[in-house]
Amino acid sequence: MTISDDALRAAQAVNAERLWGRLMRMAEFGARPDGGVDRPCLSAEDQNARAELIGWAEARGYQVSVDRAANLFIRRAGRRDGPAILTGSHMDSQPKGGRFDGIGGVLGGLEALDAISEAGLETDRAIEVVAFTNEEGGRFSPGCTGSMSWSGARDPASFDDLEDENGARYADALNETLSKAPELATRPLGDAPAAYVELHIEQGPVLEEKALQIAAVTGIQGVRWYDVEITGDTAHAGTTPLALRRDAVQAMHRAIAALNALMADPDDVVRFTVGRIEVEPNSPNAVADKARFTIDFRHPDRAVLEQRGNAVEEAVRKAAEPCRAEVRPSLFSDPTHFPEPIVAIIEQAARDLDFSVMRLPSGAFHDALFASQICPTAMIFVPSRNGLSHHPDEYTAPEHMAAGTQVLAATLVDLANGNATV
Ligand SMILES: [Zn+2]
């Protein structure tokens, strides 16, 4: 046994029913008829979910504060001032999202605080739970604007003019959300914690296939995103000969085919997705003069990301001719490797609590990516049924949520007391 007695007591105080009850309560904010969740960031549903979380936190006497990126922090004080140990995740969902992605890490963090309180423990450092704004990027793209603003990865003002599909501005939605809880204490961006540990569902099939309970996450694969805009000429669908057209939809089709060829990978490690398409004028009897689409390209190897990523623009331009194509990179994130000591602490905590555990890299990106740029960071994964995520049927069993939260609580206590150093 390497975890401390305090860490063990905190883990044993985790209340699986309370955690599950809060998860199901949060799933009501943006509930979809199919059982999933649609909770866009900074929407009324998100604002109501935030209010619920603030209520739970304040009822326990934790200090709640918010920064100008609307990241919400819940602090359980330690014996001394100074950087806290931070945990958390995000509360927004994909449009056809589930009940666990993101919110599981926020509520797992809150349950860890409650367990530590109920075990009667004091910690040396404070422990904080964060709910980061807009991790998903489903309403305002790119995602992780909250954690990027907080970590200093991007200038927060650079997100102000992002628009959602109805033309709402990010800055306006942000200010509206902040105005809903004017009583909250404010805190500066860039307040680096001593360490960050994020609990999250795996969003893949590995843990379930191997019948394991916990993954100590070793890092996050790299990501490149692009926005493509193809411009042609609109024309009458019934009268204009095909040879004379500059049809933006046809050009987009050729461009995507060229990208499929560029991204081909017999080992199936490359992840390449065109997830959003917009067409103008979007009329059944008019040739389109505008076609826009997004590219999401991921790989664990930086060299592959660079080689293929750097070839995207030319492949799209060539294939789109005679239409004009503009390719704008919107996100480039290197593959991340979490530091060995903090990964080892999580792995050992899981063993000491008698959970089966493996090490696993993350295929999805997370707020932890940006946290890792300013402090020692790692993640805990729990199983996703059928590997499903970003899907209404996303499901993680109550005992798995509780197991992940127990590992989290133990890890937070030992980090906060300096029993484990990173
Ligand atoms: Zn997530």
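- Ring geometry, Tyr395 versus Phe100: the interplanar angle exceeds 60°, so the pair is classed perpendicular (tilted spans 30 to 60°).
- Remark: the Glu399 side chain and the Gln213 side chain contain no N/O donor-acceptor pair separated by less than 3.5 Å.
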(request) Carefully, step by step, assess Gln203 and Ser384 under the rule side-chain hydrogen bond (donor to acceptor under 3.5 Å, both in side chains). (result) CA-CA 6 Å; Gln203 305 183 274; Ser384 292; over 6 Å; no

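- Ion pairing of Arg385 with Glu208 is absent here, as no side-chain N (NZ or NE/NH1/NH2) approaches a carboxylate O to less than 4.0 Å.
- Ion pairing between Asp301 and Arg298 fails under the 4.0 Å rule for side-chain N and carboxylate O.
- Remark: the backbone N or O of Glu321 is paired with a side-chain donor or acceptor of Arg254 at under 3.5 angstrom.
- Of the options Arg76, Arg75, Gln63, a side chain to side chain donor-acceptor pair (under 3.5 Å) to Glu128 is made by Arg75 and by none of the others.
- Counting only distance, with no hydrogens or angles, the side chain of Thr411 and the backbone of Val407 share a donor-acceptor pair below 3.5 Å.
- Aromatic ring pairs are classed by plane angle as parallel below 30°, tilted from 30° to 60° and perpendicular above 60°; the pair His366 and Phe381 is perpendicular.
- When the options Thr133, Asn134, Asp367 are evaluated for a side chain to side chain donor-acceptor pair (under 3.5 Å) with Ser147, the one that passes is Asp367.
- Under the 6.0 Å distance and 45° angle rule, Arg187 counts as a cation-pi partner of Phe73.
- Listed for the Ser149 side chain is no donor-acceptor partner under 3.5 Å among the backbone atoms of Ala69.
- Salt-bridge annotation for Asp46 and Arg50: present, with a side-chain N of the basic residue lying under 4.0 Å from a carboxylate O of the acidic one.
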